[in-house]
Protein chains: 2
Amino acid sequence: MPKQASVNIENKIAGLLKRNNLSITDSRKKILHLFLEQTGALAHGDIEKRAGEKFDRVTVYRTLQTFVDKGIIHTIPTADNSIRYALCKDECAGGHHHDHHIHFVCHKCNNTYCLDDVVTPEIKLPKGYSAEHVEVVVDGICKNCR
Amino acid sequence: MPKQASVNIENKIAGLLKRNNLSITDSRKKILHLFLEQTGALAHGDIEKRAGEKFDRVTVYRTLQTFVDKGIIHTIPTADNSIRYALCKDECAGGHHHDHHIHFVCHKCNNTYCLDDVVTPEIKLPKGYSAEHVEVVVDGICKNCR
DNA sequence: TTAAAAAAGCAACATAGTTGCAAATGAAAA
DNA sequence: TTTTCATTTGCAACTATGTTGCTTTTTTAA
């Protein structure tokens with residue numbers, strides 16, 4: 001029943017957009033599809049490549065920015081210069097991403113995963129520093145590549 | 001005795017370059033100065049601005065790349081798209097950065113600090129994943145801004 | 001001092017990201 | 001359904017960022 005499944009995904013996407021007061025447009029649907037169709041995170045470049053034939057570069061930038069603002073996706077820090085985005089699991093309040101999971105980058109398949117079950121550790125800071133948010137990115141080999 | 005101090009810094013820089021089999025050039029000295037003159041990390045843009053009047057853009061890129069390759073500086077992951085660099089405290093073997101400190105980004109002064117005394121925590125990963133390197137970036141308010 | 005090697009500068013190019021505005025599309029009401 | 005209004009898209013032009021090949025300059029070491 002692939003038809004049923006795709007209807008479900010359509011509903012999911014429509015609901016997600018509605019809940020965030022966003023109008024339902026082709027580009028938004030397409031980009032959300034990309035995220036929902038796979039586990040890992042997506043680099044901006046990937047998204048542009050896979051949505052870029054149908055949509056303008058500028059639209060991709062603006063759509064991603066909108067999703068980040070609304071808390072639908074979040075960015076993942078990297079040491080190279082490629083921004084990566086992943087779906088927020090729980091809905092994050094507009095602009096406030098309070099996911100506390102860690103990220104894993106496999107340097108074999110080069111995928112980035114949100115490890116939703118691994119909670120960021122408490123970090124003990126030197127005197128005077130106060131923490132607001134902790135990002136952890138682990139790299140190594142993922143379970144599919146070993 | 002500012003003269004004495006500046007002589008010391010010159011010696012330090014020269015030694016650092018020699019130890020890494022790098023010839024001593026104006027641009028390398030200038031850029032190392034920038035790092036030694038301050039605590040935090042430097043964004044590529046800052047370095048280019050502060051060294052760019054004397055040196056070509058390309059030279060700045062190549063110099064930073066050389067320093068990373070030699071293990072003199074390391075990159076710090078960020079969620080926005082700005083690469084940040086900081087001096088490696090202990091000499092890292094060529095290309096192998098085995099610093100295990102965490103990074104702190106103050107969102108008031110927007111500086112990035114290496115907290116050399118705070119060691120990255122052990123992260124327990126799900127079955128099948130193997131970790132090679134752990135990056136921790138904390139953001140909040142630094143001790144100078146509170 | 002000089003010759004070989006390394007680095008810097010320049011130009012040209014490639015990619016990434018931004019802005020303003022006109023045309024197209026979506027939402028909601030008549 | 002059709003119309004209206006707000007939102008979103010596409011386009012064009014622009015700025016910023018990063019790269020490459022080649023020539024000239026500087027550094028090193030003999």
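Computed from a predicted model, the values in this text were never measured in an experiment.
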Checking all strands, does R57(B) fall into the base, sugar-phosphate, or nothing category for heavy-atom contacts under 4.0 angstrom?
base
D26(B), nearest nucleotide to its side chain (from dT27(D), dT9(D), dT19(C)):
dT27(D)
Can you tell me how far P of dG10(D) sits from CD of E53(A), to the nearest Å?
14 Å
Can you tell me the distance, in whole Å, between the CG atom of D56(A) and the P atom of dA24(C)?
15 Å
Among dC11(D), dG17(C), dT27(D), the one nearest any side-chain atom of R62(A) is dC11(D)
May I have the distance from K54(B) (atom NZ) to dG9(C) (atom P), rounded to whole angstrom?
9 Å
How many Å lie between CD1 on I24(A) and P on dA24(C), as a whole number?
23 Å
Choose from dA12(D), dT27(D), dA16(C) the nucleotide whose nearest atom is closest to any side-chain atom of Y61(A).
dA16(C)
Side chains of H107(A) and H133(B): any donor to acceptor distance under 3.5 Å?
no
Assign each of K18(B) and H44(B) to its nearest nucleotide of DNA chain D by heavy atoms, then name whichever residue's nucleotide is nearer the 5' end.
H44(B)
Is the shortest side-chain N/O distance from S23(A) to OP1 or OP2 of dA27(C) below 4.0 Å?
no
Check the distance between dT17(D)'s C1' and N81(A)'s CG and give it to me in whole angstrom.
8 Å
Output the distance between atom CD1 (I13(B)) and atom NZ (K18(B)), rounded to the nearest 0.5 Å.
13.0 Å
Select from E48(A) and N21(B) the residue whose nearest nucleotide in DNA chain C is closer to the 5' end of that strand.
N21(B)
May I ask you to decide if the ring planes of F104(A) and Y129(B) are parallel, tilted or perpendicular, using 30° and 60° as cut-offs?
perpendicular
Atom CG of D69(B) to atom C1' of dA6(C): distance rounded to whole Å?
15 Å
Gap between atoms NZ and P, on K29(A) and dG26(C) respectively (whole Å)
8 Å
Within this structure, what is the CG-to-P distance between L64(A) and dT8(D), rounded to whole angstrom?
15 Å
By the definition side chain to side chain contact (heavy atoms under 4.5 Å, CB included), identify the one residue from I83(B), T63(B), V60(B) that meets it with I47(B).
V60(B)
Hey, is the side chain of T25(A) poking within less than 4.0 Å of OP1 or OP2 on dG26(C), counting only N and O atoms?
no
Rounding to 0.5 Å, atoms OG1 (T78(A)) and NE2 (H103(A)) come to a distance of 11.5 Å
Check the phosphate of dA8(C) against S27(B), side-chain N and O only, distance under 4.0 Å to OP1 or OP2. Yes or no?
yes
